[in-house]
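Only this structure's heavy atoms are used, side chains among them; waters, hydrogens and symmetry mates stay out.
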Amino acid sequence: GRSTLGASAVITMPPCRRCFGALLASGIMKIITTKEFLEPVSSAAKRENIEITVMDVKAAFQRTSQYISKPDRSQIDAERNIRKIEEKDRKMRRQLKLQELKL
């Protein structure tokens, strides 16, 4: 995976204590949200030098959409086909196992 140390997170709602802890532990240094943080999370963010930016949903989407890549349709189809083949294989193995148990 990729490191999130120093990364930004875009969230639609202010995080609860537990979620804020997960963001903090992952190294997020900037949070873009659509609503103000509540206490004690806002004071913890200040104490940890995490930048908080509050903006409306439309502005947040416009700001972050440049970083979101469109899915590669052929890759999605290939992964779906692989899952189908794996599921057929599992189903066949279960049927063989049941046949062995009946003998």
Got Phe37 and Ser43 here, is their nearest side-chain heavy-atom distance under 4.5 Å? no

About how many Å separate [atom2] of [Y] and [atom1] of [X], when rounded to the nearest 0.5 Å?
X: Arg94; Y: Leu98; atom1: CZ; atom2: CG; value: 9.0 Å
X: Arg90; Y: Arg83; atom1: CZ; atom2: CZ; value: 10.5 Å
X: Ile76; Y: Asn81; atom1: CD1; atom2: CG; value: 12.0 Å

By salt bridge (Lys or Arg N to Asp or Glu O under 4.0 Å), Arg93 pairs with (sequence neighbours left out) Asp89

Restricting to salt bridge (Lys or Arg N to Asp or Glu O under 4.0 Å), what partner residues turn up for Arg80, sequence neighbours left out?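 Applying salt bridge (Lys or Arg N to Asp or Glu O under 4.0 Å) to Arg80 gives Asp77.
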
Tell me whether Glu87 is salt-bridged to Lys84, with the criterion being a basic N under 4.0 Å from an acidic carboxylate O. no

Could you work out, with side chain to side chain donor-acceptor pair (under 3.5 Å) as the rule, every residue matching Thr12, not counting sequence neighbours?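 Residues passing side chain to side chain donor-acceptor pair (under 3.5 Å) with Thr12: none at all.
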
Looking at residues at least two apart in the chain, or sitting in another chain, which of them share a side chain to side chain donor-acceptor pair (under 3.5 Å) with Arg73? none

Would you be so kind as to tabulate the donor-acceptor pairs closer than 3.5 Å made by side chains of residues 16-31, with sequence neighbours excluded?
from  : atom 1 : to    : atom 2 : distance (Å)
Ser26 : OG     : Ala22 : O      : 3.3
Ser26 : OG     : Leu23 : O      : 2.8

Which heavy-atom pair separates Ala45 from Ile52 by the least distance, and what is that distance? CB-CD1, 4.0 Å

Quick check: is [Y] connected to [X] through a chain of hydrophobic side chains (ILVMFWY, heavy atoms under 4.5 Å apart)?
X: Val54; Y: Ile32; value: no
X: Val41; Y: Ile11; value: yes
X: Val10; Y: Met55; value: yes

Quick one: salt bridge (Lys or Arg N to Asp or Glu O under 4.0 Å) pairs with a partner in residues 34-50, sequence neighbours left out? none

List the steps, then state whether side chain to side chain donor-acceptor pair (under 3.5 Å) holds for Gln99 with Gln95. CA-CA 6 Å; Gln99 286 177 358; Gln95 289 174 346; over 6 Å; no

